[in-house]
Amino acid sequence: MTPGSSVPRRRLLRFGTLLATLMLAGCTTVSAPQARPAPVPVPVPNDAAVLPMTGDTIEPVRTTQPPCANSPGSNPWASFRPPSPMPTPGDMPTGSAMRAIQDRGYLIVGVDQDQFHMSARNLSLSPPAGEQYSGFDVDMVHAVAAAIFGKDGADNIKYMPVTLAYRMGAVYQGVVDMVADSVTITCGRWAQVDFSVSYLAPGQRLLVPRSDTAISLTLDANGVPHVAGLTGKKVCTIGSSTSQGNLGALETGGGFRIVLAENWSDCIVLLQQGQVSAISTDDTLLHGITVEDPYLKVVGQRFSYEPLGFVFPRTDPSSADNSQFVGFTNGVITRLESADRNGYCPEAMTNADTTCWSAIYRTWLGSEVPAPPPIYYLP
């Protein structure tokens with residue numbers, strides 16, 4: 001080591017050689033290797049799951065329901081009669097569930113957050129009071145609130161977001177006054193909850209990319225559905241729904257697999273990514289999705305009949321029987337479907353609207369307004 005130096009001479013020589021090499025390299029053009037971007041995995045909803053095939057027997061589409069022991073009567077679509085006369089808004093009967101709601105100051109309703117045009121969260125950063133959610137179901141709920149509190153109280157609603165897996169539990173546990181979530185009235189569900197009369201009766205169909213020309217669903221002469229263009233593919237729907245059971249009956253014959261997701265937004269993401277080839281549920285909801293995404297379309301015939309009703313707890317805090325509140329709501333639904341234009345209506349009625357119900361339908365579900373489903377009351 002050189003006296004007074006702290007760096008060995010050999011290290012200095014190597015450093016000088018390296019410096020000369022770097023200076024020489026700076027005078028020439030050297031093409032650096034291009035790094036390839038790492039592949040980014042396609043995000044898939046964590047809770048999406050492919051179900052095993054069920055092999056259920058395919059049956060014809062039915063528009064009538066056989067009697068079932070779980071409902072209060074032989075017809076599961078029949079519900080409690082409205083009080084006659086209906087109570088005056090703002091003056092609900094003492095001791096009734098309606099009076100308890102009136103005294104509380106708001107109606108608690110379980111709703112979905114992404115059932116487009118049925119019940120979906122308003123994405124505005126500052127939605128006006130009472131407009132946190134919108135859609136056909138929500139309009140019907142506003143009518144119930146107006147019947148309890150009066151026209152000025154139509155927005156007195158506290159919304160509770162519920163998933164399809166929890167909506168029946170929310171009712172059964174009594175944490176909501178009612179659920180408005182496009183719930184199909186069935187015999188099995190009557191065993192735990194009460195239903196209103198049916199206020200809408202869509203049918204299940206398929207939603208596919210607009211570019212797809214192969215997927216179809218037809219009914220034969222006996223009303224039995226047949227699927228084409230889905231062999232070896234996947235169809236998304238939501239668990240805890242009648243849509244899953246209806247698809248299960250078609251799965252084996254159609255050669256496809258069912259993928260269950262937690263909500264419809266997940267199904268839409270899977271379809272947009274090409275992870276599934278179709279979505280299936282009520283056509284009212286599917287048409288709402290096409291408004292949000294014009295690159296999708298509804299195809300095929302209806303292969304189910306889905307009478308929808310509001311869901312209520314069997315009991316309420318003020319009495320052992322909630323049938324009076326259910327009947328009261330049925331009275332509201334009946335009035336919405338009547339030709340009376342003097343009562344409260346959540347949507348503006350045009351000359352083409354013979355009923356408030358038709359104005360609500362036209363606003364959310366299309367200009368070709370069908371007849372509302374028939375109303376059946378218990379004896």
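In what follows, every heavy atom counts, from backbone to side chain, and hydrogens, waters and symmetry copies are set aside.
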key: hydrophobic_cluster_shared for Leu271 and Val291, side chain cutoff 4.5 Å   = no

remark   = All heavy atoms of Trp264 vs all of Leu285, minimum pair found to be NE1-CD2, 3.2 Å

With Ser211 via side chain to side chain donor-acceptor pair (under 3.5 Å) - residues at least two apart = none

message = How close do Val276 and Cys267 get, counting heavy atoms only, and between which atoms?
response = CG2-O, 4.4 Å

remark   = Contacts satisfying ring-ring contact (aromatic ring centres under 6.0 Å, His included) that involve residues 192-221 (not counting sequence neighbours) are Trp190-Phe195, Tyr199-Phe310

ask   = Quick one: do Tyr344 and Met86 end up in the same hydrophobic cluster if we chain Ile, Leu, Val, Met, Phe, Trp and Tyr together by side-chain heavy atoms under 4.5 Å apart?
value = no

ask   = side chain to side chain donor-acceptor pair (under 3.5 Å) with Thr334: which residues, sequence neighbours excluded?
value = Tyr377

query = Side chains of Gln324 and Ser96: is there a donor and an acceptor less than 3.5 Å apart?
reply = no

inquiry  = List the residues meeting side chain to side chain contact (heavy atoms under 4.5 Å, CB included) with Pro370, not counting sequence neighbours, and say none if there are none.
reply    = Trp357, Tyr361

ask   = Among pairs that include at least one residue of residues 80-101, which meet salt bridge (charged side-chain N to carboxylate O under 4.0 Å, His left out), considering only residues two or more places apart or in two chains?
value = Arg99-Asp103

task = Can you sort out the partners of Thr350 under side chain to side chain contact (heavy atoms under 4.5 Å, CB included), two or more places apart, ordered by chain and number?
result = Ala352, Asp353, Arg362

query = Do any N or O atoms from the side chain of Glu306 and from the backbone of Gln204 form a donor-acceptor pair under 3.5 angstrom?
reply = no

ask   = With side chains defined as the heavy atoms from C-beta onward, is the minimum distance between Arg205 and Val299 less than 4.5 Å?
value = no

ask   = What residues form a side chain to side chain contact (heavy atoms under 4.5 Å, CB included) with Gln272, not counting sequence neighbours?
value = Ile268, Asp293

request  = Test Pro202 against every option in Thr284, Thr281, Leu286 by the side-chain contact (heavy atoms from CB on, under 4.5 Å) rule and name the one that passes.
outcome  = Thr284

inquiry  = For residues 271-288, which residue pairs pass the salt bridge (charged side-chain N to carboxylate O under 4.0 Å, His left out) check, not counting sequence neighbours?
reply    = Asp283-Arg302

Joint cluster assignment, Ile375 & Met178, ILVMFWY side-chain distance < 4.5 Å = yes

Pro313 to Asn322 - nearest heavy-atom pair and separation = O-ND2, 3.0 Å

ask   = To the nearest 0.5 Å, how far apart are CG in Asp266 and CD1 in Ile279?
value = 10.0 Å

request  = Check Ser280, Ser304, Pro225 against Asn246 for a side-chain contact (heavy atoms from CB on, under 4.5 Å) and give me the one that passes.
outcome  = Ser304

task = Applying side chain to side chain donor-acceptor pair (under 3.5 Å), name anything that partners Asp152, two or more places apart in sequence or on another chain.
result = none

remark   = The complete set of disulfide (SG to SG under 2.5 Å) pairs with one or both residues in residues 348-379, sequence neighbours excluded, reads Cys345-Cys356

ask   = Given side chains that start at C-beta, do those of Gln192 and Arg314 come closer than 4.5 Å, heavy atoms only?
value = no

query = With hydrophobic residues grouped by side-chain heavy-atom distances under 4.5 Å, do Val369 and Leu200 end up in a single group?
reply = yes

request  = Please report the closest heavy-atom contact between Pro373 and Glu337, naming both atoms and the distance.
outcome  = O-OE1, 4.0 Å

task = Would you list the pairs meeting salt bridge (charged side-chain N to carboxylate O under 4.0 Å, His left out) in which at least one residue belongs to residues 339-350, sequence neighbours left out?
result = none

message = Could you tell me if Asp194 and Ser323 have a donor-acceptor pair between their side chains, going purely by distance under 3.5 Å?
response = no

query = With Phe328, which residues qualify under ring-ring contact (aromatic ring centres under 6.0 Å, His included), at least two apart?
reply = none

ask   = Is Tyr106 linked to Val171 within one hydrophobic cluster, defined over Ile, Leu, Val, Met, Phe, Trp and Tyr using a side-chain heavy-atom separation of less than 4.5 Å?
value = yes

inquiry  = So which atom in Ile148 and which in Met98 form the shortest heavy-atom distance, rounded to 0.1 Å?
reply    = CG2-O, 4.0 Å

